[in-house]
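A short worksheet on the structure shown next.
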Amino acid sequence: MMARTSPPAVLSAPSTTGLIDAHGRTIRYLRISVTDRCDLRCRYCMAEAMTFLPRSALASLEEIALIAERFIARGVTKIRLSGGEPLVRRDVGELVARLGGHVGAGLDELTMTTNGTRLRAHAPALAAAGIQRLNVSLDSLKPDRFRFITRHGDLLQVLDGIDAAREAGLGVKINAVALKGLNEDELGDMLAWCVDEGHDLSLIETMPLGAIDEDRVDRFLPLTGVFETLAARFPLVRDSHRTGGPARYWRVEGSTTRLGLISPLTANFCDGCNRVRLTTEGKLYMCLGHDDQVDLKGVLRDRGVTALDDAIDLAIAAKPAAHDFRIGIGEGPAVTRHMSVTGG
Ligand code: SAM
Ligand code: SF4
């Protein structure tokens, strides 16, 4: 059982210097990919045959926690654990419990993005550790289609995982990648299901990250058109909620459901970006769409925890102004890293 643990005082002591990049953006959000491995193979995310990192390349959970705690001390108030599938990493519960100890004491929110396959086993412990909300990725409510998109996923297992999360008191937001010819005819029904179940829904444009077995341009569905279709069926009211990410929000009137549209290709919100990403190798990426990174695990191993602040400052100063995602015939991926490496 993952009970919350108290943070070591010296590592969570607040620092006076926050993290502000060269473009005046304050960094308050850290995403951590705790593993690049996954028990599914979603077609838009991964190739069927993937080469994963050798275990020797991974940062230990202790190293990830130490790095995350420096970010908390420097003003990061939100951490999202992602992957790959975060719940396939053995002992991930220890990291959740350790970071959960900072919720209310530096962190406003600790959260996770998961494919839901293992939630039945993990949800109670995640809630006990201080997580209040999860993002669960679900691209179809039709079992055969779900299996096709994920290459072998079992829809009922994920729906049962979502039930387990709700039973544990966790809020659930559904993430669905909008895919031309795959789920575009179903997005309205998915929103109706979310309204019935009391979930929020975020729709995501497929991003050109890492090689997959098909050309993403064939599946790219601009959310502008999707929104027009949804607005014809649902009473959508603009919502002012902002996360510093590329999402715009609407509320389905008469319900608790918020609809988010994450459109990094058709709408660029980089000027408000407040996030950086730590990979399972302990490398810090300042932008999902660029290759620049700083090896914080290397700094920690070679020079100790006290050297992390200088390395983090250098990294933040180098955060690019914007990504340059394009999707077109023959364009190929913008970066060779898959989303699973940097954490979606
Ligand atoms: N395995 C977990 C899951 O699927 O929720 C967490 C990691 S996954 C990389 C995080 C999110 O990224 C998921 O919602 C997934 O649909 C999304 N994603 C993966 N590859 C993507 C891509 N190329 N473009 C847009 N979204 C992507
Ligand atoms: Fe795995 Fe998530 Fe990528 Fe699907 S989207 S293959 S569940 S990491």
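All ligand and atom numbering here is 1-based and tracks the order in the structure.
Through direct or relayed side-chain contacts under 4.5 Å between Ile, Leu, Val, Met, Phe, Trp and Tyr, Leu53 connects to Leu58. Residue Met50 shares its hydrophobic cluster (ILVMFWY side chains chained together at separations under 4.5 Å) with Met46, Phe52.
Inside a sphere of radius 2.8 Å centred on atom 4 (Fe) of ligand 2, the protein N/O/S atoms present are Cys42 SG.
A search for side-chain hydrogen bond (donor to acceptor under 3.5 Å, both in side chains) contacts involving Ser202 returns Lys173, not counting sequence neighbours.
Here the two rings, on Trp250 and Phe227, have centers that are under 6.0 Å apart.
Contact annotation: for Asn175 versus ligand 1, heavy atoms closer than 4.0 Å belong to the side chain alone. Residue contacts with ligand 1, taken as heavy atom pairs separated by less than 4.0 Å, involve Ser82 solely via side-chain atoms from C-beta onward. In Thr114, the part holding a heavy atom less than 4.0 Å from any atom of ligand 1 is the backbone.
A 4.5 Å side-chain heavy-atom check between Leu191 and Thr257 finds at least one atom pair inside the cut-off.
For CZ of Arg301, the number of neighbouring non-hydrogen atoms (other residues, nucleotides, ligands) closer than 6.0 Å is greater than 12. With a 6.0 Å radius and a threshold of 12 heavy atoms from other residues, nucleotides or ligands, Arg55 has its CZ atom at or below the threshold.
In summary, the atoms of ligand 1 found under 4.0 Å from a heavy atom of Val177, numbered by their order in the structure, are 16 (O), 26 (N).
Residue-to-ligand polar distances place Met207 within reach of ligand 1: an N/O pair is separated by less than 3.5 Å. Geometrically, ligand 1 and Tyr44 share a nitrogen or oxygen pair separated by less than 3.5 Å.
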Residue pair Tyr44, Asp139: steps toward the side-chain hydrogen bond (donor to acceptor under 3.5 Å, both in side chains) verdict
CA-CA 11 Å; Tyr44 54 83; Asp139 302 315; 2.7 Å; yes
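For atom 1 (N) of ligand 1, the candidate residues are Ala178, Cys38, Gly84; the nearest heavy-atom contact is made by Gly84.
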